[in-house]
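In what follows, chains are A, B, ... by sequence order, proteins preceding strands, each numbered from 1.
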Amino acid sequence: MHQHPWQNGMELLEDVLKNKNCISTGCEGIDTVLNGGLRKGQLTELAGPSSSGKTQVCLCTALHVADKEMGEVMFLDTGNSFSSKRIASMMEKEIRLERVMTRIFHQAVFDIFTMFTVLNDLCLNLRQEEERNRERKLCLLIIDSISSLITPILGGKNSNGWSMMVSIGFLLKKLAYEHNIAVLVTNHTVGGERGSSKPALGESWKCIPHVRLFLSNDRETYIRNVSVLKHTSVILGRSSTFMINDGWKI
Amino acid sequence: MLPGRAIFSNRSDGVTPMTAHERLPQNRPIQSDFFGAQTAWEMLSEELVQKHITTGCQDLDDILGGGIHCKEVTEIGGVPGIGKTQIGIQLAVNVQIPDEFGGLGGKAIYIDTEGSFMVERAYQIAKACVQDVLSISAIDGKVAETHRKKMNPNVFLANILYFRVCSYTEQIAVINYLEKFLAEERDVKILIIDSVSFLFRQDFDDLALRTRILSEMSLKLMKLAKSFNLAVVLLNQVTTKFTEGSFHLSLALGDSWSHACTNRVILYWNNDERCAYIEKSPSVRSASSGFSVTAEGIRNIIPSHKKIRIL
């Protein structure tokens, strides 16, 4: 394909327009702040305190991508929080249920080493498919949550945990870029200054995701707020609101 | 063990798993070759037949979506005296209601860190549970004699496997040991830890270390829940938390622990009525309901005050 090791701007633009489009999350509030949705080829992080709606956004996005984009979704679950019943309840039309639900794959992962294995296998698998010129339709990889795998190994005297965290980050970005997949990971929060909360995993993780979003939940009104912490083309601090209910109209 | 492979053991066309495996390269549906992954469709059919463990209180079961779910970690917390241990004992009994009576017919593991498990109370609850189940099924007609034999409070007590731990090292050790133990004792359907936080709230100078140990423990519990089709119930204490200039009550062990469970239920007093509130759940909405602790165990509150508030 490429005779030379570099790509010029026009080729990049072509690649972006052809392969790295935005995929809608199915949640209007989030699509608005992101100018369309999750971009293929990029790593998006969703941070927020417990019960702020991170898993719900993941489930909704998985359904939306499998249904409207006809793409396959891989859901790596570390907290047994994947609920196929909940996804089914969000479907508008039951007729397509089986077709849509068979496009969503779920795998439970409970330690960082398994995560490495799963991601490497996935990488290998996708490459083989591409060599055989089979059009693989995996467009979204969700990890809910990445932080629960990393927290047990981070800190302490040795820096192994830190380097594993960074390698997971690079592996995810590579997977996203080479196979045109949108990657969505969730992160929890820790207490910051003056009682506020900030995303966990510290400074070195901060520079890994392309996009960072922060979710919060108002306990009285049940209105969820989403704001941009980091993005390459959106003004920081841009925010929008949505609600979670049974039928998922946001 | 690999659910994704289950597709190929479909014998409807007379293909045995072995020959199906040989035919893989040509016949394998493209989408099923993510190693060991399961599609949401398969999971949905499993989820729909999955039985839940009743709490004994109908209102509470309703807001929980049928009761305590297997394969999930549920955290229940509240102020002292609200009935956490009572719920724990009730669940250890209810999980044993036999299949024929609509239960799971499983055993229970009870890990006690505070020493608050009262065996006389467990006997009392088991006796009431047996009576209730038998009186309900008596209305439907005949109960086979073999089934009746199973419904004995002594059998119920014998199937509660009790571990008493006195330090957090022991607690971690027991949880590590459980993986091997559960592989042999396949009947166990619920694991209750009462309380998960007690031993971790003292003797810790290094809070970062505590966070690491706790998050590792939570992953282990998640793994046990998933791989042994087990309901994990963690009872937790409360603590005061200072945010935005005021103190309020929240569950112990801090912010990062709040992500360690699949579901979270908070018990609180509403005047002199006990209430449960679902703070977090991936599958059911936030809601609250009342419950009461009676001599028989956990039950609905008296009908005249009965209300379910949907939030």
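- Shown here for R86(A) and P282(B), the closest heavy-atom pair between the two residues is CG-O, 3.4 Å.
- With values rounded to the nearest 0.5 angstrom, F75(A) atom CZ is found 9.5 Å from M43(B) atom CE.
- Residue K226(B) touches chain A through both its backbone and its side chain, counting heavy-atom pairs closer than 4.5 Å.
- When heavy atoms are compared at a cutoff of 4.5 Å, S218(B) does not approach chain A at all.
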- Stepwise side-chain contact (heavy atoms from CB on, under 4.5 Å) check, L97(A) with L44(B): CA-CA 10 Å; L97(A) 190 63; L44(B) 183 66; 4.1 Å; yes

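- Heavy-atom minimum distance, N80(A) versus A225(B): ND2-CB, 3.7 Å.
- Across all non-hydrogen atoms, the minimal contact from T78(A) to M222(B) is O-CG, 3.8 Å.
- Comparing K223(B), R264(B), E216(B) by how many heavy-atom pairs each has under 4.5 Å with chain A, the most go to K223(B).
- No more than 12 heavy atoms of other residues, nucleotides or ligands shown are found within 6.0 angstrom of CZ on R99(A).
- Taken to the nearest 0.5 Å, the OG atom of S52(A) stands 9.0 Å off from the NZ atom of K280(B).
- With a 4.5 Å cut-off on non-hydrogen atoms, L209(B) does not touch chain A at all.
- Using modelled atom types, one side-chain atom of E47(B) and one backbone atom of S84(A) make a donor-acceptor pair closer than 3.5 Å.
- Contact of A108(A) with chain B is made through the side chain alone, with heavy-atom distances under 4.5 Å.
- Environment of CZ in F204(B): crowded, with over 12 heavy atoms of neighbouring residues, nucleotides or ligands closer than 6.0 Å.
- Residue with the most contacts toward chain A among R212(B), K220(B), H69(B): R212(B) (heavy-atom pairs, distance under 4.5 Å).
- Between atom CG of residue D111(A) and atom CG of residue L219(B) there is a gap of 8.0 Å, rounded to the nearest 0.5 Å.
- By the 4.5 Å heavy-atom criterion applied to side chains, W41(B) and I104(A) are not counted as neighbours.
- Taken from CG in N217(A) to CD in E279(B), the straight-line distance is 9.5 Å, to the nearest 0.5 Å.
- Ranked by non-hydrogen atom pairs under 4.5 Å with chain B, the options S83(A), S50(A), S51(A), G161(A) are led by S50(A).
- A distance of 11.5 Å separates OG of S283(B) from CD1 of I87(A), quoted to the nearest 0.5 Å.
- Annotation: side chain of T39(B) is not in contact with side chain of H106(A) (no heavy-atom distance under 4.5 Å).
- Across S215(B), C261(B), A260(B), the residue that shares the most heavy-atom pairs under 4.5 angstrom with chain A is S215(B).
- The candidate from S281(B), G65(B), S256(B), S258(B) with the greatest count of non-hydrogen atom pairs under 4.5 Å with chain A is S258(B).
- Here the OG1 atom belonging to T151(A) is positioned 11.0 Å from the CG atom belonging to L214(B), to the nearest 0.5 angstrom.
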